[in-house]
Amino acid sequence: MYLSKFLMPTLKENPAEAQIVSHRYMMRSGMIRQSSAGIYSWLPLGLRVLKKIEQIVREEQNFAGCQELLMPTIQPATIWRESGRYEDYGKEMLRITDRHEREMLYGPTNEELITEIFRGSVRTYKDLPKLLFHIQWKFRDEVRPRFGVMRGREFLMKDTYSFDLDFEGAKRTYNKMFVAYLRTFARMGLRAIPMAADSGPIGGDMSHEFLILADTGESEVFCHKDILSFDLPKDNIDYNEDFQPIVDKWTGLYAATDEKHNLNQASLLAEDLVSARGIEVGHIFYFGTKYSKSMNAFISSPSGQEVPVEMGSYGIGISRLVAGIIEASHDDDGIIWPESVAPFDIGIINLSSGNESCDSTCEDLYFRLGNAGLNVLYDDRDERAGVKFANMDLIGLPWQIIAGTRGIKNGVIELKNRATGEKDEMTPNSVLNKLARI
RNA sequence: CGGGGAGUGGCGCAGCCUGGUAGCGCACAUCGUUCGGGACGAUGGGGUCGGAGGUUCAAAUCCUCUCUCCCCGACCA
């Protein structure tokens with residue numbers, strides 16, 4: 001992409017309303033534009049990141065054996081009346097009426113809809129377990145939206161729903177998702193820490209929030225310092241394995257958000273206790289037969305009995321992750337994207353647009369890197385060097401190629417690593433070789 | 001939902017108290033000089049001051065109503 005043709009309206013000054021660093025940088029780099037309170041448009045640069053994150057989440061869900069489907073944003077009130085949540089949900093739910101005066105709503109979550117789909121299509125335990133997910137926009141009419149897309153009213157979420165015959169099966173599924181989540185966040189360069197969460201009326205320990213640590217996090221968190229250096233389950237995962245040992249390891253040490261924080265338990269950790277702030281990026285939840293009972297989702301068990309199916313739900317806030325990653329990875333000059341989610345892999349800065357040898361060197365690299373399968377943003381604008389450097393640092397692409405007449409006359413260009421700031425002078429060919437390998 | 005604040009060119013803001021018909025910086029356009037870390041000069045375009053009503057010879061400025069947005073708190077992927 002030629003930057004001269006790309007819609008990327010960067011701002012030199014901080015918008016007054018942006019209070020936290022991710023919101024400021026997302027506005028300043030032209031990733032998003034606010035439409036109304038808690039509702040945003042995603043401009044080309046922001047959408048690229050959103051799609052990258054979405055794709056990582058999708059791949060990891062598929063890998064874990066989940067099947068993707070797509071449910072609508074607008075749902076009928078009837079199924080919410082069945083579960084009893086139509087009244088319970090309160091003002092957070094955006095309620096609308098269609099032309100026939102039918103009561104509808106913009107979905108804040110999808111337990112009802114997925115249960116309706118399940119009960120109409122699955123009748124026997126032989127079809128279980130089933131893991132179904134979708135990635136869809138949700139709307140929750142938050143009392144006070146804030147912090148940009150971190151707490152928007154409209155947000156993109158991946159939600160998975162599981163169906164099992166019995167508790168043992170549901171627990172296996174829960175563990176599977178637990179591990180899938182660790183892997184998913186790790187792929188984005190994040191260490192998300194599972195913390196015990198409120199499990200509601202069901203009780204037990206089958207609800208965990210996944211939080212990434214960041215100074216600007218909304219909740220206060222406490223955990224054992226060793227959790228911060230646990231190995232992440234990365235390669236060679238076999239989803240047929242029993243993951244109980246991994247789950248036990250991660251849940252064995254103290255980790256809690258302020259709501260679940262237990263002073264007595266925590267004080268036992270003494271100097272091993274880490275107190276920090278965190279951003280919730282995922283939540284997994286076992287809720288048993290809550291919806292299957294109220295909505296009549298029964299299956300035949302091996303004994304021929306009709307039993308309510310055991311369910312769980314598993315969410316990841318995809319749009320929130322965009323902001324979360326920035327909170328976890330930035331410096332005073334701007335964003336530092338992990339390679340896996342960067343909007344482009346490489347930025348080329350042509351310091352002397354209009355200079356023939358500079359232009360041809362950059363053009364040549366642009367096409368050859370593109371042919372090597374890399375996404376390149378080429379700053380071909382007629383701007384001063386300082387503007388180009390500042391913009392490129394702001395948008396945080398992992399690699400910058402800097403080409404100016406000074407180096408070109410000696411046959412070299414610079415390769416800069418955004419994260420470390422390291423710059424190397426190399427020939428265009430060696431830059432190409434190095435980057436083609438990432 | 002309780003408490004506070006703000007709406008003035010695309011962005012950031014001043015003007016409002018003490019009414020007299022809108023200004024600054026950035027951005028934008030043209031020209032010139034510059035050109036490896038957000039240049040300089042000149043010229044120029046763009047707003048009727050969130051909306052409605054009122055007071056007045058005259059309202060961005062005073063009064064009333066209303067809409068929107070932001071911040072703190074309680075709630076939440």
Side-chain angles (χ1 to χ4, degrees), chain A residues 7 9-20 23-24 27-28 30 33-39 53 57 89-93 107-111 135-160 181 192 197-198 207-212 218-219 257-259 278-285 313-324 332-334 349-355 358 379 381-394 400 402-409 412-414 416 421 423 425:
Chain A
L7 178 68
T10 55
L11 305 172
K12 211 161 145 183
E13 290 167 289
N14 283 321
E17 73 274 11
Q19 294 297 304
I20 61 170
H23 191 192
R24 278 203 294 273
M27 295 292 293
R28 283 194 47 204
R33 270 295 150 85
Q34 181 170 9
S35 167
S36 60
I39 302 178
I53 294 172
V57 171
Y89 220 94
K91 289 194 163 181
E92 297 247 315
M93 183 187 277
T109 177
N110 286 63
E111 280 83 4
I135 296 171
Q136 178 63 291
W137 292 91
K138 307 286 189 290
F139 194 91
R140 292 185 192 173
D141 203 353
E142 296 276 345
V143 194
R144 187 155 100 79
R146 65 190 124 165
F147 301 149
V149 298
M150 186 82 84
R151 175 155 306 288
R153 292 194 292 171
E154 188 183 54
F155 57 97
L156 186 62
M157 180 167 132
K158 185 284 300 178
D159 38 327
T160 305
Y181 272 35
D198 238 327
S207 176
H208 286 89
E209 293 177 4
F210 287 74
L211 290 103
I212 55 175
E218 284 193 88
S219 33
T257 59
D258 46 3
E259 342 176 286
I279 299 165
E280 183 183 352
V281 290
H283 196 161
I284 61 177
F285 205 101
S313 69
Y314 315 84
I316 291 181
I318 294 186
S319 47
R320 172 182 283 186
L321 268 169
V322 178
D332 288 346
D333 294 323
I349 297 178
N350 183 345
L351 288 177
S352 316
S353 292
N355 175 287
C358 245
D379 191 348
R381 297 173 302 169
D382 183 20
E383 287 285 355
R384 297 171 63 82
V387 174
K388 295 189 173 192
F389 286 133
N391 282 170
M392 200 58 86
D393 284 345
L394 176 64
Q400 299 175 8
I402 301 158
T405 46
R406 203 170 72 188
I408 296 254
K409 66 173 184 255
V412 294
I413 53 179
E414 279 166 50
K416 175 178 160 183
K423 283 195 220 176
E425 288 206 330

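Hydrogens, waters and symmetry mates play no part in the numbers below; they use all other heavy atoms, side chains included. Throughout, protein chains are lettered first and strands after them, A, B, ... in sequence-line order, and every chain is numbered starting at 1.
Rounding to the nearest 0.5 Å gives a distance of 12.5 Å between CD of Glu218(A) and OG1 of Thr257(A). Interatomic distance, Arg320(A) CZ to Met157(A) CE, rounded to the nearest 0.5 Å: 10.5 Å. Note: Asn350(A) CG to Asp382(A) CG = 10.0 Å, rounded to the nearest 0.5 Å. Atoms NE2 and OG, on His283(A) and Ser207(A) in that order, are 3.0 Å from each other to the nearest 0.5 Å.
Comparing Met150(A) and Val143(A) by the nucleotide of RNA chain B whose heavy atom lies nearest to each, the residue mapping closer to the 5' end is Val143(A). With RNA chain B read from its 5' end, the first of the two nearest nucleotides for Glu280(A) and Gln34(A) is the one closest to Gln34(A).
Within the 3.5 Å criterion, the main-chain N or O of Ile39(A) finds no donor-acceptor partner in the side chain of Arg153(A).
Interface remark: the Asn14(A) side chain does not form any donor-acceptor pair with the rG12(B) base, using a distance-only criterion of under 3.5 Å. The base of rG38(B) lies outside donor-acceptor range of the side chain of Glu383(A), with no N or O pair under 3.5 Å.
Between the C1' atom of rG38(B) and the CZ atom of Arg381(A) lies a distance of 11 Å, rounded to the nearest Å. The separation between Glu17(A) atom CD and rC72(B) atom C1' is 17 Å, rounded to whole Å. Protein atom CD1 of Ile349(A) is 13 Å distant from nucleotide atom P of rG38(B), rounded to whole Å. Between the NZ atom of Lys91(A) and the P atom of rC1(B) there is a distance of 4 Å, given to the nearest Å. Spacing between atom CD of Glu218(A) and atom P of rA74(B) amounts to 11 Å, rounded to whole angstrom units. The distance between atom CD1 of Ile53(A) and atom C1' of rA77(B), rounded to the nearest whole Å, is 14 Å. Atom CZ in Phe147(A) sits roughly 16 Å away from atom C1' in rA77(B) (whole-Å rounding). Note: CZ (Arg384(A)) to C1' (rC40(B)) measures 9 Å, nearest angstrom.
Across every strand in view, rG32(B) sits in a pair with rC40(B) that passes the Watson-Crick or G-U test at under 3.5 angstrom. Pair check for rU55(B) finds none; no Watson-Crick or G-U wobble contact set falls under 3.5 Å. Remark: rC1(B) base-pairs with rG73(B); criterion is Watson-Crick or G-U wobble with both hydrogen-bond distances under 3.5 Å. Both distances falling under 3.5 Å, in either a Watson-Crick or a G-U wobble arrangement, place rG23(B) opposite rC13(B). In this structure, rA6(B) and rU68(B) make a Watson-Crick or G-U wobble pair, each of the two defining distances being under 3.5 angstrom.
Contact annotation: Arg146(A) does not reach the phosphate of rC71(B) (side-chain N/O to OP1 or OP2, under 4.0 Å).
rU43(B) and rG23(B): their P atoms are spaced 16 Å apart (whole Å). Between rC62(B) and rU18(B), the two C1' atoms lie 12 Å apart (nearest whole Å). Between the P atoms of rA22(B) and rG45(B), the separation comes to 15 Å (whole Å). Rounded to whole Å, the P atom of rU8(B) lies 15 Å from the corresponding atom of rA60(B). Between rA39(B) and rC49(B), the two C1' atoms lie 33 Å apart (nearest whole Å). The gap from the P atom of rU48(B) to that of rC65(B) amounts to 27 Å, rounded to the nearest Å. Here the separation of rC16(B) from rG10(B), taken at their P atoms, is 24 Å to the nearest Å. Only the C1' atoms considered, rA27(B) is 14 Å distant from rC13(B), to the nearest whole Å.
Using a 4.0 Å heavy-atom distance criterion, Ala385(A) is classed as a sugar-phosphate-only contact. Among the atoms of the strands shown, base atoms are found under 4.0 Å from some heavy atom of Glu13(A). Using a 4.0 Å heavy-atom distance criterion, Gly152(A) is classed as a base contact. Within the 4.0 angstrom heavy-atom criterion, base atoms lie near Gly404(A). Looking at heavy-atom distances under 4.0 Å, Asn391(A) makes contact with a base. Among the protein residues, Arg153(A) comes within range of no part of the nucleic acid, since none of its heavy atoms lies under 4.0 Å from any strand. Across all strands shown, Ser36(A) has heavy atoms under 4.0 Å from sugar-phosphate atoms exclusively, and none from any base.
Side-chain atoms of Lys416(A) lie closest to rG37(B) of the nucleotides rC75(B), rC69(B), rG37(B). Of all nucleotides listed (rA74(B), rA77(B), rG38(B)), rA74(B) comes nearest to the side chain of Arg144(A).
Partner of Ile316(A) under the side-chain contact (heavy atoms from CB on, under 4.5 Å) criterion, out of Ile284(A), Val281(A), Thr160(A), Val57(A): Val57(A) alone. A side-chain contact (heavy atoms from CB on, under 4.5 Å) with Ile402(A) holds for exactly one of Glu414(A), Lys388(A), Met392(A); it is Glu414(A).
Between Phe389(A) and rG36(B), no base-stacking contact is recorded for ring centres under 5.5 Å apart and planes less than 30° from parallel.
Residues His208(A) and Phe210(A) place their aromatic rings such that the two centres sit no closer than 6.0 Å.
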